[in-house]
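As structure tokens, the structure follows; a few thoughts come after it.
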Amino acid sequence: MTDKTGQDRVLIFDTTLRDGEQSPGATMSHAEKLEIAELLDEMGVDIIEAGFPIASEGDFRAVKEIAERSRDAVICGLARANLQDIDRCWEAVRHAERPRIHTFIGTSPLHRDIPKLSKDEMAERIHETVTHARNLCDNVQWSPMDATRTEWDYLKRVVEIAIKAGATTINIPDTVGYTAPVESADLIRRLIAEVPGADEIVFATHCHNDLGMATANALAAVAGGARQIECTINGLGERAGNTALEEVVMALKVRNDIMPWSTGVDSTKIMNISRKVATVSGFPVQYNKAIVGKNAFAHESGIHQDGMLKNAETFEIMRPEDIGLASTSLVLGKHSGRAALRAKLEELGYKLAENQLKDVFVRFKELADRKKEVYDEDIVALMRAGEDAANDHLVIQSLRVVCGTGGPAEAELAMTVGGAEKQATARGDGPVDATFKAVREIWPNDARLELYQVHAVTEGTDAQATVSVRLEEEGNIATGQSADTDTVVASAKAYVNALNRLIVRRGRLGQDQKEISYKDVS
Ligand code: KIV
Ligand code: ZN
């Protein structure tokens, strides 16, 4: 398939909702899955693997509803190599305008050993299951799981069987992230050259990141002839994750001179969906993650900042706007000068007169001496200091916690509720528990804590901790985040932040849950 310009088109198959959701702890709610599927469809992903219908009633419902709501994307469900799985999968995906059944079986010696199938017995099973899937649906994908550790002759044999049985896409998974780019390209090239019927179907690549080579392996497979890349947003997935969608899309865009293949993905939607997936999965994006990490468009050193202010191309190979970021983020630190501070303030919407800037610069330097890096939130907090407190209903005024060995922790909290100051003291099992109890003393609520996660931004005992808190109250979900060098303070602020969002939501009853998005959380 070629695009308008005659370039070969690579299909993007997103499996955030299936392989991504299999990451331990990354479970998403039904509503969140629907929302992510909608964003994927909107951004131009060709195929959405929406789940594993036989795995649970919830998975089935999600795949079915995503299929019913789908617009342009093919909706795919996963099924093991048995008739019951395949039937259940078809039940869920058949509601889509363009359904696909994806069935798989582990073909390497280690995986053949689990169901105790001989090579011949497994070959027969593949023939039977792919034929069954194809009788239900004219779009069938088949995967030999652990293909990269399967004997070459056997791999060739089973791929041929699956093609003859009617598979329209053959996916070659590097299930354990074991292959390397040269081998990945070679494997696809040889399959296309040697398997009868290979030129009639699409080859896909599905790479895990155990050795950090998932994206490189996927692109190499494309060089070898694969025309479908399986990937996830933020590289979410089992163990070290999968090929990241944002990485392949941007690599093909930025280096189209040496990788002349296009995708149908609108890259300007990347940042939004990356943030959404980070929020709903509870897996924050590492700061130095390619493309979507907080530092991917950030520059601290004076020389880099100076260069960036003169010509962004000096230190950036793509524009932040290309992934949907408003602009480059200059991370400020103690080496940053007044020009960088002014640029940052303007980026954040503050236009200051020279004397005001002088005053803020003094306060900024004091802060930069205490903190290694000064982030946007710090600058906003600096600007708001002295201003009338936030519009938030709940605002923490002070917090003191006593903890350690020899007794329960005790938190003493002062907080304003709608402007009125209240105080509470509470004991708990550790400082965070005591603090959350004190918040509930002042602001009683039934919100259920769904997630509490602490993420250290840097190393060392003075590291900033970013805390994420997710609360659920009568079906409404709100996430709060906060960063501080004091983990307990960050926890308290994140908790109160999430409560404030729930309060806003209550005032908007009747509106859809999806309004609470990551971009609101800072
Ligand atoms: O990694 C893998 O092998 C898979 C298959 C189910 C395609 O996710
Ligand atoms: Zn996988």
Side-chain angles (χ1 to χ4, degrees), residues 11-24 26 47-56 59 63 74-82 85-86 88-89 92-93 100-115 122 125-126 129-130 133 139-150 154-155 158-159 162 167-179 183-184 187-188 191 201-215 217-218 221 226 228-245 247-248 281 283:
L11 300 172
I12 297 294
F13 174 110
D14 183 276
T15 182
T16 306
L17 298 173
R18 199 279 297 168
D19 210 321
E21 216 223 359
Q22 278 173 221
S23 315
I47 305 114
I48 299 171
E49 187 162 54
F52 197 169
I54 197 104
S56 69
D59 250 54
V63 177
V74 170
I75 304 300
C76 174
L78 186 68
R80 288 167 300 185
N82 67 65
D85 267 43
I86 293 170
R88 190 72 174 146
C89 177
V93 296
R100 174 181 291 189
I101 296 174
H102 176 192
T103 179
F104 75 100
I105 193 163
T107 51
S108 65
L110 284 165
H111 285 271
R112 287 201 303 270
D113 197 42
I114 294 171
M122 182 168 284
R125 173 81 69 89
I126 293 163
T129 50
V130 176
N139 189 338
V140 173
Q141 171 165 329
W142 180 73
S143 297
M145 187 168 76
D146 207 13
T148 53
R149 293 191 300 168
T150 299
Y154 191 59
L155 183 64
V158 289
V159 166
T168 44
T169 299
I170 298 288
N171 175 39
I172 301 299
D174 182 29
T175 305
V176 288
Y178 181 68
T179 198
E183 189 180 63
S184 176
L187 189 58
I188 302 284
L191 284 168
I201 54 106
V202 171
F203 274 88
T205 176
H206 176 113
C207 300
H208 281 266
N209 203 32
D210 298 65
L211 292 173
M213 294 194 282
T215 296
N217 287 336
Q228 176 178 302
I229 298 178
E230 307 213 351
C231 47
T232 59
I233 302 294
N234 299 339
L236 198 65
E238 304 235 41
R239 306 182 310 281
N242 291 61
T243 301
L245 178 145
E247 292 175 12
V248 286
S281 67
F283 277 54

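Both counts, for ligands and for their atoms, begin at 1 and track the order of listing.
Interface of His206 with ligand 1, defined as ligand atoms under 4.0 Å from a residue heavy atom, comprises 1 (O), 2 (C), 4 (C), 8 (O). Close approach of ligand 1 to His208 is summarised as follows: ligand atoms under 4.0 Å from at least one heavy atom of the residue are 1 (O).
Looking only at distances, a side-chain donor or acceptor of Thr16 sits under 3.5 Å from a matching main-chain atom of Ile233.
A donor and an acceptor atom, one from each side chain of Gln141 and Glu49, are nowhere located under 3.5 Å apart. For the residue pair Thr107/Thr150, the side-chain donor-acceptor check at 3.5 Å is satisfied.
Under the 4.5 Å side-chain criterion, counting only non-hydrogen atoms from C-beta, Asn217 is not in contact with Thr148. Within the 4.5 Å cutoff, no side-chain heavy atoms of Ile172 are placed close to those of Thr205. Side-chain atoms of Arg80 and Phe104, non-hydrogen and from C-beta on, do get closer than 4.5 Å to each other.
With respect to the Zn ion (ligand 2), His208 has NE2 as its nearest N, O or S atom. If you look at His206 and ask which of its N, O or S atoms sits nearest the Zn ion (ligand 2), the answer is NE2.
Stacking of Arg100 on the aromatic ring of Phe13 is not recorded, the 6.0 Å distance cut-off and the 45° axial limit not both being met.
By the 3.5 Å distance cut-off applied to N or O atoms, Asp19 is counted among the residues near ligand 1. Polar contact with ligand 1: present for Thr175 (N/O pair, distance under 3.5 Å). Residue contacts with ligand 1: Asp146 is placed with no nitrogen or oxygen under 3.5 Å of a nitrogen or oxygen of the ligand (distance criterion only).
Among protein heavy atoms, the minimum distance from atom 5 (C) of ligand 1 is reached at Arg18 NH2, 4.0 Å.
At a cut-off of 2.8 Å, Asp19 is counted among the residues with an N, O or S atom near the Zn ion (ligand 2).
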